[in-house]
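These numbers come from a predicted model, not from an experiment. All chains are named by letter (A, B, ...) in the order of the sequence lines, taking the proteins before the strands, and each is independently numbered beginning at 1. Values below: all heavy atoms of this structure, side chains included; hydrogens, waters and symmetry mates excluded.
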Amino acid sequence: MNTSSPTRVRFAPSPTGYLHIGGARTALYNYLFAKINGGSMVLRIEDTDRNRYIKDSEKQLIKDLKWLGISWDEGPDVGGIYSPYTQSERTKLHRSHAEQLVNIGKAYYCFCDKARLQSIRSKHKGYDEHCREIDTDIALERVTSGEEHTIRFRSPKQGTTTVDDLIRKNITVKNEQLEDFVLFKADGFPVYHLAAMVDDHLMGITHVIRGEEWLSSIAKHALIIRAFGWSEPIWCHLSVLTQPGGKGKMSKRDTKTDEQDDNHSIFIHDLRSKGYHPEAIINWMVLMGWSLDDKQENFKLADLEAVFNLERINPSPAAVNFGKLDHFQGKHIRQMSDSEVAANIQPFLLKSGITPDKEMLLKLVPLIKNRITTFEDSVEWLSFFFTKEIMLSPSEFTNKKSTKEETLVILQEVKLTLEQLPKYKHENIESELRLLADKMNLKLGQLLNPVRLAISGQKVSPPLFETLELLGDYLVNSRIEKAIKLLENI
RNA sequence: GCCCCCAUCGUCUAGGGGACCAGGACGUGGGCCUUUCAAGCCCAAGACCGGAGUUCGAAUCUCCGUGGGGGCACCA
């Protein structure tokens with residue numbers, strides 16, 4: 001490891017699906033580590049598996065990362081001196097490095113086909129090393145004559161390989177466990193193990209921060225690096241994220257999440273379209289497997305760029321807790337200014353067919369700021385302000401406590417009171433209606449509930465006095481009138 | 001089956017030999033506030049996986065179990 005060179009990290013996803021919180025959290029940790037060290041972050045697309053390639057996933061991945069606020073210094077979209085950053089465009093490099101290992105006796109050509117491999121699988125633990133001792137000249141001849149082949153690593157058969165992981169200390173693997181694994185496939189593409197190590201080295205990566213799923217192949221990676229005589233990066237393996245219950249790897253679920261839970265998803269893209277704020281997601285993700293101390297846990301991305309460290313990463317698996325995402329989301333919304341919230345809400349209103357006046361929206365925001373968790377929630381809180389006709393069902397107006405007649409009287413009295421108001425301001429509305437409730441010998445709630453229902457069509461609404469003011473006397477009057485008629489006709 | 005990793009409230013975690021009858025956060029229950037619903041504030045319940053060992057002393061160190069997870073491809 002070279003401690004004197006500047007920190008360089010990489011996030012190296014494969015374009016086989018969309019960005020989920022597992023990948024995003026790995027990207028975040030890399031990003032933060034680069035930031036705090038004044039180093040650089042590289043985005044590298046590992047697309048050597050042509051079978052699992054999904055066409056638009058790279059584009060979407062970049063979009064999702066950017067939306068979260070995670071940026072990189074070099075990558076397929078921005079270029080850089082170690083270009084190209086798309087692995088499939090570097091196969092020549094990988095090939096020559098694989099051949100280099102063959103030349104120094106650390107790897108060899110293998111001519112076994114899939115059928116043979118399949119047939120020996122039951123008898124041998126791994127590859128049976130059928131081609132390991134083929135004479136190098138003969139092997140080279142067969143290769144140049146065009147015979148289909150792979151390149152395999154000549155694994156040591158004795159001793160152990162020990163690798164140092166930053167958060168797990170030493171990891172030792174017995175070499176007899178290692179088979180002669182493939183470095184370069186017959187289809188002309190390298191295998192991950194080779195490609196990633198070659199690219200990491202060529203790109204000057206100093207710290208490899210990646211998921212735990214790579215831990216079991218770390219000996220292979222170290223062996224490849226050592227075979228080339230390169231210096232090893234500092235390894236840091238993050239734990240996996242598990243399902244909300246704490247059992248099973250999260251990403252196995254792959255699609256949505258809990259059946260009953262359509263607000264939550266492990267995909268960044270879904271979270272975005274549900275109306276979560278990127279800062280809330282960042283705050284939530286960073287705490288899955290990392291903590292600063294026992295005091296602080298509300299962080300913005302900018303805060304994290306100043307306090308993050310690798311040493312405090314927790315090696316044990318973390319279960320995804322969507323309740324906590326909602327909590328952070330709420331916190332972030334409440335920290336925002338009204339105009340910020342308005343700006344975030346607007347697209348969701350638009351999407352549901354509401355085109356709010358900017359000034360009006362700004363007045364509405366304070367009424368719902370404490371009541372929404374996602375921005376999308378604002379739609380159900382506000383739609384009655386913007387729809388001409390609201391749906392009323394007469395049965396809602398009566399219950400155990402009040403009869404139809406009582407409710408009618410209330411609505412008529414309220415209507416009269418409101419019509420006589422000199423100023424249609426919530427302060428006036430409040431004082432007059434409180435007076436009215438007193439006069440009628442009613443609790444304020446008893447008086448207000450039918451009104452709420454009449455003007456919003458809902459049992460719950462934003463605070464009523466402000467709501468009446470913003471709705472305006474004309475709409476309020478006509479809606480109460482309509483409710484009265486409805487009740488009279490039962 | 002083989003290899004590797006992990007283990008504190010339901011969940012995320014603090015703690016790293018005495019400061020711990022274990023602290024915080026989410027969630028849950030209760031209360032206050034209150035025009036509904038929230039938000040906010042207050043209170044409560046709730047954990048060191050088990051067993052040996054080391055030590056005057058173990059949540060903390062060691063070993064063995066057990067449990068959970070990850071990986072064993074011409075996938076990444």
Side-chain angles (χ1 to χ4, degrees), chain A residues 12-17 46-52 87 110 112-114 117-118 121 125-127 148-152 165 167-168 171-174 176-179 181-193 195-196 210-219 237 239-240 242 244-249 284 287-298 312 314-328 330-331 333-334 367-373 381 430 433-434 437 443-449 451-453 456 458-465 467:
Chain A
S14 59
T16 52
E46 309 214 323
D47 58 346
T48 52
D49 182 356
R50 292 125 71 243
N51 297 323
R52 291 200 305 158
Q87 210 159 50
C110 170
C112 299
D113 60 17
K114 282 196 174 149
L117 260 21
Q118 191 61 45
R121 194 147 290 155
K125 253 194 239 159
Y127 178 54
E148 198 164 87
H149 64 278
T150 63
I151 297 176
R152 285 184 183 270
D165 182 273
I167 58 176
R168 293 164 206 269
I171 295 153
T172 300
V173 177
K174 291 193 198 76
E176 63 194 39
Q177 295 296 332
L178 268 23
E179 64 169 319
F181 55 92
V182 171
L183 294 170
F184 206 90
K185 296 182 270 181
D187 67 358
F189 283 88
V191 159
Y192 172 87
H193 305 307
R210 43 136 62 161
E212 189 184 343
E213 63 269 27
W214 297 114
L215 202 57
S216 46
S217 42
I218 190 166
H237 288 87
S239 66
V240 289
T242 66
K247 298 214 176 7
K249 193 182 177 184
W284 176 57
L287 258 15
M288 287 186 216
W290 177 86
S291 63
L292 180 65
D293 53 31
D294 60 341
K295 294 175 183 65
Q296 257 178 285
E297 63 168 25
N298 291 121
R312 293 193 61 86
N314 194 142
S316 51
V320 174
N321 181 351
F322 286 109
K324 206 141 186 176
L325 170 61
D326 286 345
H327 169 254
F328 285 122
K331 278 226 151 149
I333 287 182
R334 269 164 254 132
L367 305 190
I368 61 163
K369 208 170 164 183
N370 291 340
R371 285 163 242 265
I372 56 173
T373 96
W381 279 97
E430 176 165 3
L433 289 187
R434 279 183 189 279
K443 287 194 170 166
L444 193 58
Q446 290 178 286
L447 182 87
L448 260 26
N449 284 335
V451 181
R452 186 189 314 281
L453 202 52
S456 72
Q458 299 165 354
K459 279 190 177 142
V460 298
S461 79
L464 194 60
F465 305 124
T467 298

For [N], which nucleotide in any strand shown is its Watson-Crick or wobble partner with both distances under 3.5 Å?
N: C26(B); answer: G10(B)
N: C72(B); answer: G1(B)
N: G40(B); answer: C32(B)

For this session: Assess whether one donor atom and one acceptor atom, taken from the side chain of Arg434(A) and the base of U35(B), lie less than 3.5 Å apart.
Result: no

Exercise. So does Arg168(A) reach the base of C5(B) with its side chain, donor to acceptor, closer than 3.5 Å?
Worked result: no

Exercise. Any side-chain N or O of Arg334(A) under 4.0 Å from OP1/OP2 of G40(B)?
Worked result: yes

Problem set entry | Arg312(A) vs Asp187(A), nearer the 5' end of RNA chain B by closest nucleotide |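 The residue whose closest nucleotide sits nearer the 5' end is Arg312(A).
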
Same-atom distance ([atom1]) from [N] to [M], integer angstrom:
N: C5(B); M: A25(B); atom1: C1'; value: 27 Å
N: G65(B); M: U28(B); atom1: P; value: 41 Å
N: G18(B); M: A44(B); atom1: C1'; value: 30 Å

Report, one pair per line, the protein and nucleotides 25-27 of chain B atoms (nitrogen or oxygen only) whose separation is under 3.5 Å.
| residue | atom | partner | partner atom | Å |
| --- | --- | --- | --- | --- |
| A25(B) | O4' | Glu297(A) | OE2 | 3.3 |
| A25(B) | O2' | Glu297(A) | OE2 | 2.2 |
| A25(B) | N3 | Lys324(A) | NZ | 3.0 |
| C26(B) | OP1 | His327(A) | NE2 | 3.4 |

For this session: Ignoring the backbone of Ala186(A), work out which of A73(B), C74(B), G70(B) is nearest its side chain.
Result: C74(B)

Exercise. How would you label the contact of Thr172(A) with the nucleic acid (heavy atoms, under 4.0 Å): base, sugar-phosphate, or nothing?
Worked result: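 Contact class for Thr172(A): sugar-phosphate only.
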
Exercise. What nucleic acid atoms does Leu117(A) come within less than 4.0 Å of, heavy atoms only: base, sugar-phosphate, or nothing?
Worked result: base

Quick one: which protein N/O atoms are closer than 3.5 Å to N/O atoms of nucleotides 30-33 of chain B? Pair and distance per line, please.
none

